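Note that the structure is predicted; figures quoted are calculated from it, not measured. Chain letters run A, B, ... following the sequence lines, proteins first and then strands; every chain starts at 1.
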Amino acid sequence: MARYNPKETEPKWRAAWEKAQTFRAPADPGGKPKWYVLEMFPYPSGKLHMGHVRNYAMGDVVARYKKAKGFNVLHPMGWDAFGMPAENAAIEGGSHPKTATYAQIANMREQLKTLGLSIDWSREFATCDPEYYGQQQAWFLALLKAGLVYRKEAEVNWDPVDMTVLANEQVIDGRGWRSGALVEKKKLTQWFLRITKYSDDLIEGLKGLDRWPDKVRLMQENWIGKSRGLKMKFHFAGERKGSVEVYTTRPDTLFGASFLAIAADHPLALDVAKSDPGAAAFIKGVKQGGVSAADIEAGEKLGYDTGLMVAHPFEAGKTLPVWIANFVLMDYGTGAIFGCPGHDQRDHDFASKYKLPILPVVLPPGADPAEFSVAGEPYVGPGKIYNSAFLDGLEVEAAKAEAIARIETQADGEGATVFRLRDWGVSRQRYWGCPIPVVHCAKCGVVPEDKLPVVLPDDVTFDKPGNPLLRHPTWRHTTCPNCGGKAERETDTLDTFVDSSWYFARFTNPDAAVPIDKAAADYWLPVDNYIGGVEHAVLHLLYARFVTRALKDEGFLSVAEPFAGLFTQGMVTHEAYKNRNGEWIEPADVERRGDVVVDKEFGQPVVVVGVEKMSKSKKNVVAPEDIFDAYGVDSARLFVMSDSPPERDVQWSTGGVEGAWRFTHRIWGEYENGVPRGGEGDDPKAVELRKHTHRLIKAIGDSIEQFRFNTGIARLYEFLGTLKGAPAAGASPALLAARHEALSALARLIAPYTPHLAEECWIKVGGQGFVADAPWPEYSESLAAEDERILPVQINGKRRAELKLPAGMSEAEVEKIALSDEGVLRHLEGQTVRKVIVVKDRIVNIVAN
RNA sequence: GCGGGCGUGGCGGAAUUGGUAGACGCAACGGACUUAAAAUCCGUCGGGAGGAAACUCCCAUGCCGGUUCGAGUCCGGCCGCCCGCACCA
């Protein structure tokens, strides 16, 4: 018997689908409901890895299923093609980012196509296509006009050797990751998107995203970080005029205030430093005090007493010293706080160090005011306010409201909402990104470019550090669209997160002459299933939500939320191995012999270091091409979906993919000799098989709807066992008919997972056209329903017997049967039945003693 | 430190959401086929005790306690691991 040969069948079907344009998503709805499936588009690294296989296989399962269920499915693919890897490669002597990127796209497109995905390739684009980023420039200018884009001076991590701005994660121990140079804090005028305008709305919108993981919603909520409190002024006591504004979420503890602290870059601190060398030195010290998170964590609280005093707003005559403190952040709240050491850990640390008063004003429930002390540690829990004049006796929350009201009547401040979220800095001093389409004119200032796209020049060099656009002989020199005079182009390019913040909308009509074809977007958006890695839980997904809102407000599209359903899938991991010299070795070079893992070549035992994300550095990478070659694409797809729940990591193993491979062959074995249609007749075995078939149809559909692919696949494996128990050889006509029904359904049920094999099977059952175009099988409720139940009988909570009963039997009847069952009676000997609990179709529990 | 999640056989994981714990797969072991091996097929597979056997009983979902007729699932307290944020006032 000829074995199923995926190497022959798989390419054949891919070519057939392509020729028939099976996965083209028609723009015209034609009465079908739409379904938009999108996986996060890849950076074109040039090499497909197992993580991609899992991500795209997952989306493909849903897309193929929804298509079979009668939806008009959009399932597009593109390339997140701008960004630093290509530019860094060019700097290191590689080829030009453009040629390299398009070459890598070509490679990766071929590899992705090998996966047999149901993608509408006619919609493909790359973010580095001028047709795409030109439209991005168009809406960028619309946002600029609307005031959602602005420039301001901001501090950046500047690498003085590479002459570039670094992201925080590129700064390692205060040094540039590439050059190793000490990173400087530098002020540059940068472009910002006003995401903070939508802070509240972005939090509110999360509530409606009921098909998002709670975890991601929570992460976004925390990231935006809304807090309610009080902004208030402390007036200077003494000669100095004016006031310092602070923000607090604990106005109830105002009577416990013992100092004010301001950030080192607070205007007041800078003013003091002008005439106070000590303050100037302190500020300088704070600024140099490390950039990395670890530095900040280890950092001790330090302060400098400015000598200034402010008046307490409620206690006449009481004054508080104003300190400059290293732990106060300028860009949160007002950059100034009042310190209440009794009820805040940081203030307590600070006050202890500088011997400032520590006053308790919140009394924990049940504590004795005469005994209670906060000298050792602050108390941050709930309680009643005391030592606080008019606030005495109030609970914390009530006291907050009362304090805010008082401050408001004194006209010293007002209740305020503050967000942690900052505006989005999108300037990158880099070449390989979308040019910011403005010119700088000496006469007219910043002027939007009127001829789009502003195209990146190709003739640039990477032999010197810094932004090649700055060095280009002609590119930046242009004329002002406004006055026609000499002007210079902006040389900053956009953060690549901008590119990925709207691509899902562009897919709805990638050829539109405007950024977004509104009719197409209105039809397709929002994305119904968005699938990708959880590492994008905050940044990408928050930016995309923001840009969608901004584009909606500017009339480009109609939805506020781009992604109705989100699924974050786990990684593909693999065991990592080290030989006895401590060197990493590749999975291909090791072999399992009994209980030990050995080096194939030398036979020496190797150490299994653990199961980790596939990475080059640990050499625990399995190349998808090798797997496709050995087992076929279908087996690889099936395995990455089968072993673990999709949101969790899956561990790649040779044994696992071999199991999937065996399964495909066993399936084929049921079809290869033909599937006779059978005939009429009575056969209990036929009825039994039909029941299993209809139950399976229901189960597989449910498992895909719920993203529980692993349990669905388990049911498919199980069903194969059922088929083997009802072989075709010697079967009655009725059983043959039931087998035909089963195998016809099965071909369609496996199609989302193993689409190539399914097409072969579909032929064998006499299916019309592609199984990829075939409707999902229907199940009959009555056949899928269990008509017989096995009820366990517990006695005092321990399972003692089983009853096989028809489903739906009444509680009283079940009780009667249970109490007369031989096995049950044996266990009840010498005991009195006190109570019988019958849960319909589920369980019987007899309480006896 | 704050917020969230998880802990089930040798391993990945199931468990109708409070109702037969261990589906399905991997590994392992036994058997069939074969001159032999691979492949394939069939079977066993949480631990313990009893029995020739069908089977019966006890223990078991990180640990301790609670609620309940009944707890892997709910509640409280520990222990361990993972993720996010991190001086956010």
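If you check B:C42, B:U17, B:C87 against the side chain of A:R666, the one that comes closest is B:C42. For A:N845, counting side-chain heavy atoms from C-beta on, the closest listed nucleotide (B:G84, B:G13, B:G70) is B:G70. For A:K724, the side-chain atoms get nearest to B:C42 when compared with the rest of B:C24, B:G70, B:C42. You'll find that the side chain of A:R799 is closest to B:U20, out of B:A89, B:G12, B:U20. Closest to the side chain of A:L218, out of B:G25, B:G3, B:G19, is B:G3. The nucleotide whose nearest atom lies closest to any side-chain atom of A:H827 is, among B:G19, B:C57, B:C87, B:C57. Considering only the side chain of A:Y717, B:C24 comes nearest among B:C24, B:A89, B:G13. Nearest to the side chain of A:I337, among B:A89, B:A14, B:C58, sits B:A89. Closest approach to the A:T249 side chain among B:A89, B:G70, B:A15 is made by B:A89 (side chain taken as heavy atoms from C-beta onward). Distance from the side chain of A:I837 is smallest for B:C69 among the nucleotides B:U40, B:A89, B:C69.
Across all strands shown, A:D344 has no heavy atoms under 4.0 Å from either base or sugar-phosphate atoms. Within 4.0 Å (heavy atoms only), A:R648 reaches sugar-phosphate atoms of the nucleic acid but no base atom. A:E802 comes within 4.0 angstrom of a base, heavy atoms only. At the heavy-atom level, A:V847 lies under 4.0 Å from the strands shown only through sugar-phosphate atoms. Nucleic acid contact class of A:E718 (heavy atoms, under 4.0 Å, all strands): sugar-phosphate only. At a threshold of 4.0 angstrom between heavy atoms, the contacts of A:S653 with the nucleic acid are absent. A:N710 comes within 4.0 angstrom of sugar-phosphate atoms only, judged by non-hydrogen atoms across all strands, and of no base. When heavy atoms are screened at a 4.0 angstrom cut-off, A:V793 is found touching no nucleic acid atom at all. Backbone-only engagement by A:G659 is indicated by non-hydrogen atom pairs under 4.0 Å involving sugar-phosphate atoms exclusively. Counting any heavy atom pair closer than 4.0 Å across all strands shown, A:I846 reaches no nucleic acid atom. No engagement by A:R217 is indicated, since no non-hydrogen atom pair under 4.0 Å with the nucleic acid exists.
A:Y247 and A:S227 share a donor-acceptor pair across their side chains, judged by distance under 3.5 Å alone.
Across all strands shown, B:U40 forms a Watson-Crick or G-U wobble pair with B:A32, both key distances being under 3.5 Å.
Between A:N620 and A:Y577 there is no side-chain heavy-atom pair separated by less than 4.5 Å.
Between A:N326 and B:C87, a side-chain N or O to OP1/OP2 separation shorter than 4.0 Å is absent. Remark: A:K215 is not in phosphate contact with B:C6, judged by side-chain N or O atoms under 4.0 Å from OP1 or OP2. OP1 or OP2 of B:C26 sits under 4.0 Å from a side-chain N or O of A:R662. Taking side-chain N and O atoms only, A:R842 has no distance below 4.0 Å to OP1 or OP2 of B:U20.
A salt bridge links A:D702 with A:K698: the distance from a Lys NZ or Arg NE/NH1/NH2 to an Asp or Glu carboxylate oxygen falls below 4.0 Å. With respect to A:E786 and A:K691, no salt bridge is recorded, no charged nitrogen being found less than 4.0 Å from a carboxylate O. Ion pairing between A:D200 and A:K226 holds under the 4.0 Å rule for side-chain N and carboxylate O.
Taking atom C1' in both B:C29 and B:A71, one finds a spacing of 35 Å when rounded to whole Å. Taking atom C1' on both B:A89 and B:A14, the two are 48 Å apart, rounded to the nearest angstrom. Using C1' as the reference atom, B:G47 and B:U35 are 42 Å apart when rounded to the nearest Å. As rounded to the nearest Å, B:C74 and B:G7 have P atoms that lie 10 Å from one another. To the nearest whole angstrom, the two P atoms, one in B:A38 and one in B:A32, are 14 Å apart. Across the C1' atoms, B:C26 and B:G13 are found 11 Å apart, a figure rounded to whole Å. On the C1' atoms, B:G80 is 16 Å away from B:U61, given to the nearest whole Å. Nucleotides B:A28 and B:G76 have their C1' atoms positioned 42 Å apart, rounded to a whole Å.
With hydrogens and angles left out, the side chain of A:K301 and the base of B:C87 share a donor-acceptor pair within 3.5 Å.
Summarising the geometry, the separation between CE on A:M571 and C1' on B:C83 is reported as 11 Å, rounded to the nearest angstrom. For A:Y247 and B:C87, the OH to P distance is 17 Å, given to the nearest whole Å. Put simply, CG on A:D349 is 20 Å from P on B:A86, counting in whole angstrom units.
Using cut-offs of 30° and 60° on the angle between ring planes, the pair A:Y354 and A:W323 is tilted. The aromatic rings of A:F255 and A:H312 sit tilted, their planes meeting at an angle between 30° and 60°.
Rounded to the nearest 0.5 angstrom, A:R545 CZ and A:H540 NE2 are separated by 12.0 Å.
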